[in-house]
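Okay, structure first, notes after.
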Amino acid sequence: MRVSQQLTKTLREAPRDSEGGNQELLVRGGFVRQLTSGVYSYLPLGNRVIRKISQIVREEMDRAGGQEISMPVIQPKDIWDKRPASGPTRSEAMGDVLFKLKDRKGRDMVLGPTHEEVVTILTAEFARSYRDLPQLIYQIQTKLRDEPRPRGGLLRVREFIMKDLYSFDADYDGMDVSYRKMADAYRAIFTRSGLRFIVIQADSGAIGGKDSQEFLAITEAGEDDAMMCDTCDYAANREKAEFVRTELPREPEAALEEVYTPDCKSISDLAAFLQVPEAKTIKSVCYVAGGKMVMALVRGDLEINEVKLSNMLYRAGINAADMHLATPEELTQAGIVAGYTSPLGKDERVFIVADTSLKLGNNFVAGANRVDYHVKNVNYPRDFRVDEWEDIASAYTGATCVRCGGTLRAIRGSEVGHIFKLGTKYSELFDATYLDAEGAAHPMLMGCYGIGVGRIMATLVEQSHDEKGIIWPFSVAPYSVALVGLDLEKEENRQTAEQLYADLQAAGIEVIYDDRAETAGVKFNDADLLGYPIRAVISKRSLKNGGVEIKLRSQRESRVVPLADAVGVMQDEIRRGMASA
RNA sequence: CGGGGUGUAGCGCAGUCGGCUAGCGCGCAGCGUUCGGGACGCUGAGGUCGGAGGUUCAAGUCCUCUCACCCCGACCA
């Protein structure tokens with residue numbers, strides 16, 4: 001490609017609404033343009049990057065036995081309205097995130113946010129026997145989700161390119177094998193893409209399913225919090241992370257004692273006022289879920305994790321979909337005094353969930369359920385009842401790892417991949433069964449595995465740039481070599497540059513040739529902004545010095561190589577660059 | 001959905017108390033001079049001032065409504 005003929009141009013200034021990071025660099029470089037909120041065009045350079053990433057994904061999926069197909073974006077809504085034995089339909093669960101429209105006959109349609117439904121229907125038609133299993137079916141295709149608020153440039157958008165693979169197996173062992181294959185393939189994909197990532201245990205959520213892992217690209221711009229151990233390889237979503245609670249020294253149980261605690265509405269106020277550690281207090285927070293008043297208790301030094309809490313409630317048969325902090329009215333109605341809430345004296349009308357930390361200590365301070373008063377020496381089970389003991393506290397930086405005793409720390413990232421075992425949820429819903437060797441029908445065991453292709457591009461930019469611009473890994477760079485021609489008005493220089501351009505192309509190297517009548521500074525700055533891994537300069541200076549000046553984007557130094565060696569030298573650099581990704 | 005902000009040339013911006021032909025920088029076109037880190041001069045093209053309605057002799061500027069986008073929060077297979 002010649003820069004002089006390229007559609008896009010670089011922007012000297014950041015666009016008004018750019019947020020910095022990947023958004024600013026990708027827009028300034030002309031990789032993408034926003035059309036409307038959360039919806040982008042991929043321009044020639046951006047499209048090449050997407051193609052490179054997609055190709056890596058495709059190769060690894062095929063290597064793992066995947067078969068590529070392409071499913072419709074437009075789908076009839078009724079397949080989203082299938083009602084399972086219990087719980088909401090998919091359409092209800094997704095709510096307004098699902099794009100809905102009507103066709104000319106007035107039939108309700110949706111734009112596919114994912115394809116479990118369609119792929120299950122398809123596979124059920126063909127895979128009728130245990131002999132037809134397993135099947136690994138995938139596509140790389142546009143997904144549409146009407147997110148409440150797109151953000152982070154390309155990190156969270158409403159229309160995005162995703163690879164989604166679905167596995168169909170005869171039994172649980174088979175599903176486990178497929179799952180492991182995908183986990184391995186995912187590691188290979190992100191490694192080849194040059195991404196720094198971690199694999200974490202994820203919350204499978206209320207949807208169910210046993211195993212689930214997220215692949216997080218490490219970046220501060222991400223929206224996901226994870227906890228990882230500094231010693232072993234334990235890493236988990238913050239909503240899921242387990243940790244060891246510290247044990248407090250046991251004291252002889254003392255008698256309850258009400259104390260006057262003016263203006264002590266928070267745990268820290270209270271602990272300071274009574275001169276006790278925060279861990280000696282009980283934090284009580286009230287929620288309403290499924291029409292029931294729920295009181296969550298954790299030790300004062302910990303925080304309540306609402307996701308863990310709601311999962312617990314689901315398990316206890318309470319519909320936590322509408323769980324929210326109890327309003328002042330709801331508290332008053334239940335006879336609870338805000339700021340001085342307490343498990344003391346609560347009967348079965350309040351569902352009490354206690355974090356296991358409360359077993360590791362005694363003589364706690366709790367609210368007196370009376371303004372300006374707390375109660376000392378509160379002990380279980382002497383003084384209050386608990387419906388469920390559970391891990392409902394958030395892990396924190398400095399907490400102790402459950403696996404190895406190491407220390408956990410928080411890390412931020414963006415979810416670029418997510419794999420999980422679905423079991424028979426969709427196969428039962430759509431009657432996707434196969435016949436075993438005895439002729440008996442069974443639902444297939446499914447797994448689903450997603451990769452955000454566009455998000456890989458965005459997180460790569462977040463991870464790999466400097467003050468001048470992007471630094472693409474060799475494996476996904478739109479072009480490997482930027483050939484910069486200077487002093488081109490001299491016929492001899494132009495011919496030399498043209499010849500090298502032709503030679504590079506003939507050698508199969510992806511090269512973009514800057515043949516514009518621009519000054520050196522403009523061309524160098526563009527090459528830096530656009531992040532091509534190798535820059536090759538032909539100028540009167542380089543020729544005087546013996547040939548072509550070659551510089552890696554990731555390095556400061558350049559060197560001059562004879563024209564005759566130039567192609568070979570660049571081939572070597574590309575080989576090395578690809579290998580080190 | 002709640003709160004805040006912004007819409008003026010392809011991009012970034014200015015536009016005073018309502019006033020006369022709506023400006024500046026970048027980019028774009030032509031000519032000339034430059035030529036290794038975003039050069040310079042001259043000339044030129046490019047505008048429904050987000051949209052609709054209103055007030056006024058006069059609206060980019062004031063009023064009403066509306067749309068879009070951005071940010072914070074809520075929400076989020």
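Lettering follows sequence order; numbering is per chain, from 1.
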Sequence-distant partners of [X], salt bridge (Lys or Arg N to Asp or Glu O under 4.0 Å), two or more places apart:
X      : result
A/D81  : A/K77
A/D224 : none
A/D514 : A/R516

Between [N] and [M], how far is it from one [atom1] atom to the other, in whole Å?
N     : M     : atom1 : answer
B/G15 : B/G7  : P     : 10 Å
B/G18 : B/U55 : C1'   : 11 Å
B/U48 : B/G44 : C1'   : 23 Å
B/G36 : B/G32 : C1'   : 23 Å
B/G47 : B/U6  : P     : 27 Å
B/U61 : B/C17 : C1'   : 10 Å
B/C62 : B/U16 : C1'   : 15 Å
B/C13 : B/G50 : P     : 14 Å

With sequence neighbours left out, write down each residue that passes ring pair (Phe, Tyr, Trp, His ring centres under 6.0 Å) with [X], or none if nothing qualifies.
X      : result
A/Y166 : none
A/Y287 : none
A/Y501 : A/Y513

Separation of atom [atom1] in [X] from atom [atom2] in [N], rounded to whole Å:
X      : N     : atom1 : atom2 : answer
A/Q75  : B/A77 : CD    : P     : 18 Å
A/K490 : B/U34 : NZ    : C1'   : 12 Å
A/L144 : B/A77 : CG    : P     : 18 Å
A/L325 : B/A74 : CG    : C1'   : 12 Å
A/L7   : B/C28 : CG    : P     : 14 Å
A/E223 : B/G73 : CD    : C1'   : 13 Å
A/D146 : B/C1  : CG    : P     : 11 Å
A/E214 : B/A77 : CD    : P     : 12 Å

Under 3.5 Å donor-acceptor pairs involving side-chain atoms of residues 529-540 of chain A, not counting sequence neighbours:
from   : atom 1 : to     : atom 2 : distance (Å)
A/R535 : NH2    : A/E549 : OE2    : 3.3
A/S539 : OG     : A/R541 : N      : 3.3
A/S539 : OG     : A/S542 : N      : 3.0

Base-pairing string, 5' to 3', of RNA chain B - Watson-Crick or wobble, under 3.5 Å, | interstrand: (((((((..((((.....[...)))).((((((.....)))))).....(((((..]....))))))))))))....
Pairs under 3.5 angstrom, nitrogen or oxygen only, protein versus nucleotides 67-70 of chain B, please.
from  : atom 1 : to    : atom 2 : distance (Å)
B/C69 : OP1    : A/T36 : OG1    : 2.4
B/C69 : OP1    : A/S37 : N      : 3.2
B/C69 : O3'    : A/Q34 : OE1    : 3.4
B/C69 : O2'    : A/D17 : OD2    : 3.0
B/C70 : OP1    : A/Q34 : NE2    : 3.4
B/C70 : OP2    : A/S37 : OG     : 2.9

Residues A/Q495, A/E491; criterion side-chain hydrogen bond (donor to acceptor under 3.5 Å, both in side chains); working and verdict: CA-CA 6 Å; A/Q495 274 175 15; A/E491 191 50 34; 3.2 Å; yes
Enumerate donor-acceptor pairs with a distance under 3.5 Å from any side-chain N or O in residues 38-45 of chain A to protein atoms, sequence neighbours excluded.
from  : atom 1 : to    : atom 2 : distance (Å)
A/Y40 : OH     : A/Q23 : OE1    : 2.9
A/Y40 : OH     : A/Q34 : NE2    : 3.1

Aromatic ring pairing A/F215/A/Y186, orientation class (parallel under 30°, perpendicular over 60°, tilted between):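 Correct class here is tilted.
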Shortest side-chain distance from A/K9, nucleotide among B/U8, B/C28, B/C76: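 Taking heavy atoms from C-beta onward, the closest nucleotide is B/C28.
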Side chain of A/R16 (C-beta onward), nearest among B/G7, B/G25, B/A74: B/G7
Protein proximity profile, nucleotides 36-47 of chain B - base contact B, sugar-phosphate-only contact S, no contact -, cut-off 4.0 Å on heavy atoms: BBBB--------
Salt-bridge contact A/R2-A/E498 (side-chain N to carboxylate O under 4.0 Å):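 Result for this pair is yes, salt bridge flagged.
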A/D466 bridged to A/R553 by N-O distance under 4.0 Å: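 Salt bridge between A/D466 and A/R553, a charged N being under 4.0 Å from a carboxylate O: yes.
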Sugar-phosphate only, base, or nothing, as touched by A/P15 at under 4.0 Å among non-hydrogen atoms: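 Sugar-phosphate contact only.
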Heavy-atom donor-acceptor pair, A/R145 side-chain to B/A77 base, under 3.5 Å: yes
A/D225: partners by side chain to side chain donor-acceptor pair (under 3.5 Å), with sequence neighbours left out: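 For A/D225 the side chain to side chain donor-acceptor pair (under 3.5 Å) partners, ignoring immediate neighbours, are A/R412.
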